[in-house]
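One structure is given below, encoded as structure tokens.
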There are 2 protein chains.
Amino acid sequence: MPASILESLKAGGKKLTKPRKALLEILESSPLPITAAEVHARLRKGRHAIDLVTVYRNLAMLQELGLVNPVGLHEGQMRYEVRHGREHHHHIQCRGCGLIVDLLLCPLKKLTDLVERQTKFAVEGHALEFFGWCPQCR
Amino acid sequence: MPASILESLKAGGKKLTKPRKALLEILESSPLPITAAEVHARLRKGRHAIDLVTVYRNLAMLQELGLVNPVGLHEGQMRYEVRHGREHHHHIQCRGCGLIVDLLLCPLKKLTDLVERQTKFAVEGHALEFFGWCPQCR
DNA sequence: CTCTATGCAAATAATTTGCAAGCAC
DNA sequence: GTGCTTGCAAATTATTTGCATAGAG
């Protein structure tokens, strides 16, 4: 368990419980964003079964602490990925099979200034995902 | 009702029913993406009440025909906007009050090639939204 | 007339909330 | 001990499906 995560939890007054630890391990071992239901299913298989509600509550909490990113792919459910140790990045998803692939790029660093000037908002974050057809499905 | 919309409907074997027409008018009169529930509420006020189910079915159909864009702002529900007569664009939403503002820009045209080369996907679309704090809330 | 579309009821699916008991610190 | 956490049950919210009837072309 990375020290930075432990520190953030402590800073937020959060405890490192057994269910929480197991959930974080699942998230860390997942190279791609996963849904609450998937986290729950994997925990169940791994003999660390915890309630789905606990998964949701922890994901929300981790999101608030900035340890987890929400990823919305218009699937009717959210996905989540840990930030720790990962470059800021985006995703592409296949419209055929649902395959998700990481994109190691972000063209938006410069754009933020422009958006701020145009809207007078203070930009805090963004969501960017691509959709298309993977080599198998195209 | 724009001819291009009527043509697309006809091409798709869809009929121009009264409920559908009312729904399209609501969508066209909304400058920002709205939810199914909001469409439904506005129709009710406007003496053109139609069933929420009909709203959902029509939004799904219009999306398939490419007449409507889905907009996901991680709110737990989808928003929709008509394409007709509007430049391709994106949005920014305030994390305080939920205000949504159009962004008249898209930095991704060039990027698509890069993504395709990197992933071997055939890119068909993308979703990009910004989050931040509007002038009132910041 | 024929085939699409609608309303109503009901089913699903995702996510949230209330509360008493449990556990980390 | 004390306060954050969890599990279980139940509630909410969003969206979808089945089916008989209504309406557009």
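All chains are named by letter (A, B, ...) in the order of the sequence lines, taking the proteins before the strands, and each is independently numbered beginning at 1. Just so it is clear, the model here is predicted, and its values are computed rather than measured. Side chains are part of it too, since the values below use all heavy atoms of this structure and drop only hydrogens, waters and symmetry mates.
Nucleotide C/dC25 holds its P atom 10 Å from the CG atom of A/L6, rounded to whole Å. If you take CD of A/Q63 and P of C/dT15, they are 11 Å apart, rounded to a whole angstrom. Atoms CZ (B/R57) and C1' (D/dA22) sit 13 Å apart, rounded to a whole Å. Taking atom CG of residue B/L9 and atom P of nucleotide C/dC3, one finds them 20 Å apart after rounding to whole Å. Between the NE2 atom of A/H48 and the P atom of D/dG7 there is a distance of 13 Å, given to the nearest Å. To the nearest angstrom, C1' of C/dT6 lies 17 Å from OH of B/Y56. Following rounding to the nearest Å, B/N58 (CG) and D/dT15 (C1') show an atom-to-atom distance of 15 Å. In this structure, CD1 of B/I50 is placed 7 Å from P of C/dT6, rounded to the nearest angstrom.
The side chain of A/T54 places no N or O atom within less than 4.0 Å of a non-bridging phosphate oxygen (OP1 or OP2) of D/dT6.
With contacts defined as side-chain heavy-atom distances shorter than 4.5 Å, the pair A/P107/A/L128 qualifies. Residues A/R79 and A/I100 meet the side-chain proximity criterion, which asks for heavy atoms closer than 4.5 Å.
Although no hydrogens or angles enter the test, the distance criterion places no donor-acceptor pair under 3.5 Å between the side chain of B/E116 and the main chain of B/A122.
Note on A/R20: only backbone sugar-phosphate atoms sit closer than 4.0 angstrom, heavy atoms only; bases stay farther off.
Side-chain proximity of A/P19 to C/dA24, D/dT6, C/dC8: nearest is D/dT6. Checking C/dA24, C/dT15, D/dT16 against the side-chain heavy atoms of A/K15 singles out C/dA24 as nearest.
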side-chain contact (heavy atoms from CB on, under 4.5 Å) between A/H126 and B/H90, worked out
CA-CA 11 Å; A/H126 60 258; B/H90 297 283; over 6 Å; no
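Toward the 5′ end of DNA chain D lies the nearest nucleotide of B/A60, the other residue of the pair B/T17 and B/A60 mapping further downstream. In terms of position on DNA chain C, the residue among B/L52 and B/G76 whose nearest nucleotide sits closer to the 5' end is B/L52. When the nearest nucleotides of DNA chain C are assigned to A/K14 and A/M78 by heavy-atom distance, the more 5′-ward of the two goes with A/M78.
For B/H91 and B/E81, the side-chain atoms include at least one donor-acceptor pair closer than 3.5 Å.
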